[in-house]
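This chain uses plain numbering: 1 for the first residue, then up along the sequence.
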Amino acid sequence: MIQLGSSIPAVALTLVTKEGQETVMADTLFAGKKVVLFAVPGAFTPTCSAHHLPGFVVLADEIKAKGVDMIACISVNDAFVMRAWGEQQNAEEITMLADGGGAFTKALGLEMETGDFGGMRSQRYAMIINDGVVKQLNVEAPKQFEVSKAESILAAL
């Protein structure tokens with residue numbers, strides 16, 4: 001698993017915007033920025049939709065006031081799903097990232113097998129990245145939602 005002080009890997013992600021999508025390299029996207037990145041097991045899933053993403057939507061201004069340049073949400077879902085979920089959640093201040101094949105999640109060592117739920121997915125986590133380097137990493141225990149929620153990350157900033 002990625003550790004504190006590790007650099008974000010050079011893995012392609014799909015950046016989702018209202019205008020469409022583009023392929024970006026994760027290390028380039030996060031270079032020169034202070035970023036809060038949080039991962040969910042799946043878009044439109046219960047905890048992710050009721051609590052995880054909405055918490056960051058509500059606290060986006062407070063998080064950015066702490067010097068954060070970007071708040072990004074990532075999931076092993078396709079770009080179309082991530083765009084629709086972001087629109088449904090009014091997540092204009094959140095950069096929605098698709099890790100469709102799970103390459104980024106695997107490179108971080110944060111994948112989990114969910115069987116019939118959806119196969120390989122991401123563990124739930126949140127991290128603070130400064131200029132491409134992991135400064136804080138909060139990985140949830142299975143079936144928990146405490147250390148990766150927006151309030152926990154805001155307190156860590």
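- Residues Leu59 and Val68 share a hydrophobic cluster, clusters being chains of Ile/Leu/Val/Met/Phe/Trp/Tyr side chains in contact below 4.5 Å.
- Each salt bridge (Lys or Arg N to Asp or Glu O under 4.0 Å) pair with one or both residues in residues 25-42, not counting sequence neighbours, would appear here, but there are none.
- For the pair Tyr125/Val147, no side-chain contact is recorded, criterion being any heavy-atom separation below 4.5 Å from C-beta on.
- Between Ile128 atom CD1 and Lys66 atom NZ the span is 10.5 Å, to the nearest 0.5 Å.
- By the 4.5 Å heavy-atom criterion applied to side chains, Val40 and Trp85 are counted as neighbours.
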Thr14 and Gln21: side chain to side chain donor-acceptor pair (under 3.5 Å), yes or no, with the steps?
-> CA-CA 6 Å; Thr14 304; Gln21 62 190 41; 5.6 Å; no
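- Linking ILVMFWY side-chain heavy atoms closer than 4.5 Å, directly or via other members, places Val76 and Ile2 in two distinct hydrophobic clusters.
- Tracing side-chain contacts under 4.5 Å through hydrophobic residues (I, L, V, M, F, W, Y), one reaches Leu37 starting from Leu15; they form part of the same cluster.
- Two residues are said to be in side-chain contact when any heavy atoms from C-beta on lie closer than 4.5 Å; Leu137 and Leu4 meet this criterion.
- For Asn77 (side chain) and Ala43 (main-chain N/O), a donor-acceptor pair under 3.5 Å exists by modelled atom type.
- Following chains of ILVMFWY side-chain contacts shorter than 4.5 Å, one cannot reach Met112 starting from Phe44, and the two form parts of different hydrophobic clusters.
- In this structure, OG1 in Thr28 is found 10.5 Å from CG in Leu13, a value given to the nearest 0.5 Å.
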Assess whether side chain to side chain contact (heavy atoms under 4.5 Å, CB included) is satisfied between Val24 and Glu22, documenting all intermediate values.
-> CA-CA 6 Å; Val24 295; Glu22 65 179 280; 3.7 Å; yes
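- At least one donor-acceptor pair under 3.5 Å links the side chain of Glu140 to the backbone N or O of Glu146.
- Interatomic distance, OG1 of Thr23 versus CG of Leu29, reported as 12.0 Å (0.5 Å rounding).
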Could you walk me through whether Met1 and Leu110 pass the side chain to side chain contact (heavy atoms under 4.5 Å, CB included) test, one step at a time?
-> CA-CA 6 Å; Met1 179 184 345; Leu110 288 167; 3.5 Å; yes
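- In terms of hydrophobic clustering, with Ile, Leu, Val, Met, Phe, Trp and Tyr side chains grouped at heavy-atom distances under 4.5 Å, Val57 and Leu157 are assigned to a common cluster.
- The closest side-chain heavy-atom distance from Pro54 to Gln89 is below 4.5 Å.
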Could you check Ile71 against Thr95 for side chain to side chain contact (heavy atoms under 4.5 Å, CB included), going step by step and ending with a plain yes or no?
-> CA-CA 6 Å; Ile71 304 168; Thr95 301; over 6 Å; no
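- A donor-acceptor distance shorter than 3.5 angstrom exists from the side chain of Asp78 to the backbone of Val81, with no hydrogens or angles considered.
- One finds the CZ atom of Arg121 at 10.5 Å from the OG1 atom of Thr105 (value rounded to the nearest 0.5 Å).
- The backbone N or O of Arg124 lies less than 3.5 Å from no partner atom in the side chain of Ser148, so there is not a single donor-acceptor pair.
- Counting all heavy atoms, side chain and backbone alike, Ser7 lies closest to Val133 at OG-CG2, 4.2 Å.
- The aromatic rings of Phe38 and His52 sit tilted relative to each other, their planes meeting at an angle between 30° and 60°.
- Shown here for Met120 and Gly102, the closest heavy-atom pair between the two residues is CE-CA, 3.4 Å.
- In this structure, Val139 and Met127 have side chains that are not in contact, with every pair of non-hydrogen atoms separated by 4.5 Å or more.
- Counting heavy atoms from C-beta outward, Phe56 and Val36 have side chains that approach closer than 4.5 Å.
- What you find for Ser75 and Met82 is that their closest heavy atoms are CB-SD, 3.7 Å.
- Of all the heavy atoms in Val11 and Phe104, the pair that sits closest is CG1-N, 3.5 Å.
- Of all the heavy atoms in Val134 and Gln3, the pair that sits closest is CB-O, 3.8 Å.
- Remark: side-chain polar atoms of Asp99 are paired, donor with acceptor, to backbone N or O of Ala103 under 3.5 angstrom.
- Not a single donor-acceptor pair under 3.5 Å links the side chain of Gln136 to the backbone N or O of Ala156.
- Judged by distance alone, with hydrogens and angles left aside, the side-chain atoms of Thr45 form a donor-acceptor pair with the main-chain N or O of Gly42 at under 3.5 Å.
- Panel note: side chain Ser122, backbone Glu111; no donor-acceptor pair is recorded below 3.5 Å.
- Considering every non-hydrogen atom in both Phe145 and Lys149, the closest pair reads CZ-CB, 3.3 Å.
- Note: Leu53 CG to Met96 CE = 5.0 Å, rounded to the nearest 0.5 Å.
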